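What you see is a predicted model, and the numbers here were worked out from it, not measured in a lab. Whatever order the structure lists them in is the order used to number ligands and atoms, beginning at 1.
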Amino acid sequence: MKKLRLAGGQVITPLEVRFADILIEGGLITAIVPQEQTTPAYENLDVSGRLVTPGLIDLQLNGGPALDFWGKPTEKELEKFTREQAVAGVTTFLPTLITAAIDHLVANIEWLNKHGLNSDLSLAKGLSARMPGIHLEGPCLSSKRPGVHPPEHLQPFSVDVLKRLIMPGVLLMTMAPELDPNAEALQYLQSNGVVASLGHSNATLQDARKAFDAGVRMMTHTFNAMAPLHHRDPGAVGAALMDDRVSCCLIADGLHLAPETVSLILRLKGPRKAILVTDAAKIGTTGGGLVGSSIHLADAVRNCVQWQSASFQNVVRMASYNPARAMGLDEKVGHIEVGKFADLVVWNPCDFSVEQVIVDGQILATDEKTVGTAAKTGK
Ligand SMILES: [Zn+2]
């Protein structure tokens with residue numbers, strides 16, 4: 001496998017910002033060296049004047065124009081979808097399944113296990129982004145806060161339901177903890193290695209505190225599909241914003257949350273306990289409703305920077321290192337460090353657009369349209 005040197009860029013990690021070159025071999029970052037050194041055996045990728053960050057990680061991705069994880073995706077659609085995500089800077093994501101009949105969910109989990117899901121984060125053949133596991137958003141959700149989830153398929157948050165659903169490949173589950181007052185289902189989830197996230201829930205402040213004390217450390221699309229923050233009744237949102245153990249996931253598309261609300265969450269949670277997700281879906285925001293979003297994670301990063309909600313370094317942290325940590329994947333992704341996978345994004349520092357993406361040490365073409373056109377012309 002070829003050796004690559006990313007030369008001349010400004011390297012941005014959760015811990016520091018510095019001018020350094022990144023050496024890559026065998027798909028891994030092998031060294032981070034001063035820029036005056038030379039390494040003749042390496043292919044040089046000149047990223048002078050550019051920002052280099054870890055590849056982005058989206059914990060809530062329902063699909064996009066190319067594919068719908070809720071339906072019956074095909075292998076071809078999955079290949080196209082992961083390519084689009086990677087080209088847009090998302091090098092790791094959790095395919096997300098919303099509430100459906102349990103048999104349908106089980107079939108889709110099995111299909112994903114056969115088509116590229118790898119708990120060790122290895123990249124499946126033909127795919128351009130890593131899929132370490134599934135986010136089950138439902139079906140154990142509150143009938144009072146279903147959003148677009150079909151109410152006829154909502155299930156109790158019980159051990160019986162989880163016994164049918166929790167199988168290898170499930171990494172994260174959004175659930176309504178108030179449906180499980182003795183925390184038995186929550187305990188079952190956690191003992192099976194699944195991260196629990198409070199969402200689509202009508203939990204009160206007390207319900208949420210109880211869940212956080214029982215080990216819940218995440219809130220799904222904070223403010224959306226839960227009781228609003230009221231000055232006399234702060235609810236689950238108030239509990240999450242006040243609890244330093246809890247990471248708040250947020251959809252920074254300007255529609256699910258006002259820019260000021262994003263800034264408010266980030267001021268309260270700080271750069272360590274906020275996670276950007278897209279909740280992107282095939283239907284997205286078209287058609288007037290909020291059926292997930294229509295953005296890529298890089299758009300969310302750009303939005304937060306332009307809204308001045310946080311610095312670029314901190315925003316990138318919320319879209320790479322923080323989600324990796326929350327899922328226990330930070331040994332391999334989410335950071336620029338020796339030994340980590342060489343999944344990197346090269347950004348334009350003026351408009352924060354994604355210029356180049358490296359996955360597993362391979363440079364992707366960022367303008368797939370140009371690539372397509374060139375191929376056509378060559379025929
Ligand atoms: Zn949702």
Side-chain angles (χ1 to χ4, degrees), residues 57-64 67-71 93-102 104-105 108-109 133-155 157 161 165 170-179 189 194-203 207-208 211 216-229 235-237 240 246-258 261-262 265 274-297 300 319 323 326-327:
I57 301 173
D58 194 343
L59 299 184
Q60 194 171 357
L61 199 40
N62 307 288
L67 161 144
D68 187 352
F69 285 119
W70 313 348
F93 70 88
L94 302 190
T96 301
L97 305 178
I98 72 155
T99 301
I102 290 186
H104 178 73
L105 289 173
N108 276 14
I109 295 167
I134 292 166
H135 177 173
L136 271 186
E137 192 190 356
C140 307
L141 307 176
S142 168
S143 57
K144 298 192 173 74
R145 304 281 173 188
V148 298
H149 292 241
E152 67 274 21
H153 292 308
L154 292 177
Q155 298 284 341
F157 186 29
V161 171
L165 273 175
V170 177
L171 204 57
L172 171 62
M173 187 175 197
T174 293
M175 46 84 231
E178 72 277 15
L179 306 180
L189 259 194
V194 179
V195 176
S197 185
L198 187 156
H200 287 274
S201 157
N202 207 36
D207 294 331
V216 175
R217 293 287 178 267
M218 202 185 281
M219 176 170 267
T220 298
H221 46 54
T222 302
F223 277 104
N224 298 121
M226 55 189 68
L229 181 74
V237 172
V246 177
S247 293
C248 285
C249 297
L250 48 133
I251 307 170
D253 64 349
L255 293 168
H256 285 78
L257 297 171
T261 310
V262 170
I265 296 170
I275 294 173
L276 297 186
V277 297
T278 60
D279 197 14
K282 185 162 192 159
I283 306 168
T285 49
T286 55
L290 291 183
V291 187
S293 82
S294 298
I295 57 168
H296 281 111
L297 199 52
M327 290 296 114

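Side-chain N or O atoms of T222 include one that pairs as donor or acceptor with a backbone N or O of C249 at under 3.5 Å. Under a 3.5 Å cut-off, the side chain of T220 and the backbone N or O of M218 do not form any donor-acceptor pair. In this structure, H200 contributes its side chain and R145 its backbone to a donor-acceptor pair below 3.5 Å.
Take the N/O/S atoms of E137: the one nearest the Zn ion (ligand 1) is OE2. When the N, O or S atoms of H200 are ranked by distance to the Zn ion (ligand 1), NE2 comes first.
Metal site remark for the Zn ion (ligand 1): H221 contributes an N, O or S atom at a distance under 2.8 Å.
For the residue pair N62 / D279, a side-chain donor-acceptor distance below 3.5 Å is found, with atom types taken as modelled.
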